[in-house]
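These notes concern the structure reproduced below.
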Amino acid sequence: MTRKQKKMFSRILIAFVVFIAALLLPAIWLPGPIPLISVGQDRNGCGGYALARWPIFLIPYLIIGWDILWKAARNIRNGQVFDENFLMCVATIGALIIGEYPEAVAVMLFYQVGELFQNVAVSRSRQSISALMDIRPDYANIQRDGQLVQVDPEEVAVEDVIVIKAGERVPLDGTVLEGTSALDTAALTGESLPRDVGVGDEVISGCVNLSGLLHVKVSKPFGQSTVARILDLVENSSEKKAQAEHFITKFARYYTPIVVFAALALAVVPSLTTGQWGTWVPRALNFLVVSCPCALVISIPLSFFGGIGGASKQGILVKGSNYLEALAQVGVVVFDKTGTLTQGEFAVTAVHPEGIGEGELLELAALAEQFSTHPISKSIVAAWGGTPDQGRAAEVEEVAGHGVRAVIDGRQVLAGNRKLMDRENISVALDHDHPGTVIHVAVEGKYAGHLVIADRPKATSAQALRELKAAGVRETVMLTGDAQGAAQAVAQELGLDQFYAQLLPADKVERVEALLQEKKPRETLVFVGDGINDAPVLSRADIGVAMGALGSDAAIEAADIVLMDDDLLKLPVAVRIASQTLSIVRQNVVFALGVKLLVLALSAAGRANMWAAVFADVGVSVLAILNASRMLKAK
């Protein structure tokens, strides 16, 4: 517990001891009955006895409840009358007035026990996330005047060189200049398998250097580093509330004044009619104690907070409880193909020249594609095997969604898909059935042949799709810019329900919009992509999920949920966590409202005393918090 929580625990113990002593003290008899109020006769009908006891019980009452009285008074002064502090004060002060001293102290005592329990539960959930996200570095090693000095990471500038020793946390994003090592990325990805790095490799903040000494040139200031952005996402995730949380906020806003006036009516109207104030005032006070909406107001946000924390332990960052709630209702999951369902590591599997040699065709394609960072372009350069001479290529132009146009050794070369050839009125003839992406090449307006490039599905993709189906996903769809044959081969191998091929980025957005129109009511549509090339589609879907996003600013910005590594199996895990979170929220709502309505009715009918009221308030809150805390241990 924190220091503040320990103080409250001490207050509870002291108040409890004094309360027990007050119960055990012999009655002090004062001469002559001096009733506090006409309904203040104690159970023996002796007002003097009641008057003698109330100062004794007032001591534990003030020990445990002074801060509640102060909060209620302060809120009334600020115009915020109807809250749980006001309800507890009215109910317990009323109980003191009518002579129900032990009940008044017990209500306040158990209410504070419930509040302490809630604070400890929230602190545990925060500590769980903090322990998981304990990735903020304390210092960075930088060389100054020949000495290695520890400085605050925020003081390190871009282009500075930092030194990371074995066992230290990487403080800033950068590029390795010297050394080799293995990095523990578990705090970011949830995976225990180390990642090997060497000269020229990118390293990101938050990882732990396991073995060698690394010299790293800083590429981003601390405020823009991966660790800072992730911590900001986790800390601010509670700002985006789920519909259930909005409902509870509105519910409490209207519910509290309604029950206050209902309790007032219960105390006054029957009493004026029957004259039995001693019967109806205690019932109204019980009614007030029962009516506190603590269980709902506390447990529902705690459930979502726990769900977000449980997901974070698995390397899944959820930007808000609204996205977690929506993920629990997913019906359609749409995937990008390259890098999401497949490895994204293309290889040239076939070369079909027309009028030139295979080597020349591959060389022309490599020279034209050398400036592109697309995986297909890199695979062509790798297949050629040499280092392209940039001086041989001129006037290089990348045609979005089509391919590349360049002048190679003074000749115009086109390398791209069928759409590029059709656009330039170049006839194409295929005589093979190799599945894969086809890159056509033309020289000086004449068709020169084509390359077949294939990308294999990831080892976990098929299993992830099966688990999504088991988790309740109705339909799985793949969108890709690849040729029909390549897309069909992947779709059949993985067991996808639908696929759409040869799509430009704008076509993907249109297809997602069409799928949004076709989905069932109350279903959500999830799009899963790499977060860099698919930003428009990620933004258009109900939920955008970026995977393989370790260190990717574009992915963290564009997506609503971020899978911090390339493991697609994290997606069904996220769906299960979301479903479990929503299930716990529903359980708490039904349980809390059900018990409260029952005890409210019993209180109004005189069938429930203040001890039952205490259980309906504090007991239900504690049980609901315990239920919500289960999400912190999500597997």
Kindly indicate whether the side chain of K217, heavy atoms from C-beta on, has any atom under 4.5 Å from the side chain of D160.
-> no

Which value, rounded to the nearest 0.5 Å, describes the distance between L341 atom CG and L494 atom CG?
-> 6.0 Å

Could you tell me whether a side-chain N or O of D336 sits under 3.5 Å from a main-chain N or O of G529, the two making a donor and an acceptor?
-> no

For the atom pair CD (E168) and CG (N209), what is the distance rounded to the nearest 0.5 Å?
-> 8.0 Å

Exactly one of V526, V490, L568, L479 clears side-chain contact (heavy atoms from CB on, under 4.5 Å) with F335, and that residue is L568

Where I162 and A140 come nearest, the two heavy atoms and their spacing | CG2-CB, 4.4 Å

Hey, are the side chains of R392 and E363 touching, using non-hydrogen atoms and a 4.5 Å cut-off?
-> yes

If only atom types and distance count, is the side chain of S583 paired as donor or acceptor with the main-chain N or O of S579 below 3.5 Å?
-> no

Shortest non-hydrogen pair, L183 vs V170, comes out as CD2-CG2, 4.3 Å

Is atom NZ of K519 surrounded by more than 12 heavy atoms (other residues, nucleotides or ligands) closer than 6.0 Å?
-> yes

Does a sphere of radius 6.0 Å around CD in E395 hold more than 12 heavy atoms from other residues, nucleotides or ligands, not counting ones at 6.0 Å or beyond?
-> no

Are any side-chain N or O atoms of K570 and backbone N or O atoms of Q314, one a donor and one an acceptor, separated by less than 3.5 Å?
-> yes

Contact summary for L582 and A328, nearest pair of heavy atoms = CD2-CB, 3.8 Å

Backbone N/O of K337 and side chain of T342: donor-acceptor pair under 3.5 Å = yes

Where L172 and P153 come nearest, the two heavy atoms and their spacing | CD2-O, 3.8 Å

CG (L364) and CD1 (I380) are apart, to the nearest 0.5 Å, by 11.5 Å

Take Q329 and E325, measure what side-chain hydrogen bond (donor to acceptor under 3.5 Å, both in side chains) needs, and give me the verdict at the end.
-> CA-CA 7 Å; Q329 300 168 339; E325 183 181 45; 5.5 Å; no

Would you mind reporting whether E467 and R576 have side-chain heavy atoms less than 4.5 Å apart?
-> yes

Minimum heavy-atom separation for P171 to S205, with atom names?
-> O-CB, 3.5 Å

CG of D184 to CG of L210, rounded to nearest 0.5 Å, is 5.0 Å

Got a salt bridge between K469 and D497, using NZ or NE/NH1/NH2 to carboxylate O under 4.0 Å?
-> yes

Any donor-acceptor pair under 3.5 Å linking the side chain of R169 with the backbone of G206?
-> yes

Mind listing the closest non-hydrogen atom pair of D196 and D201 along with its distance?
-> O-OD2, 4.3 Å

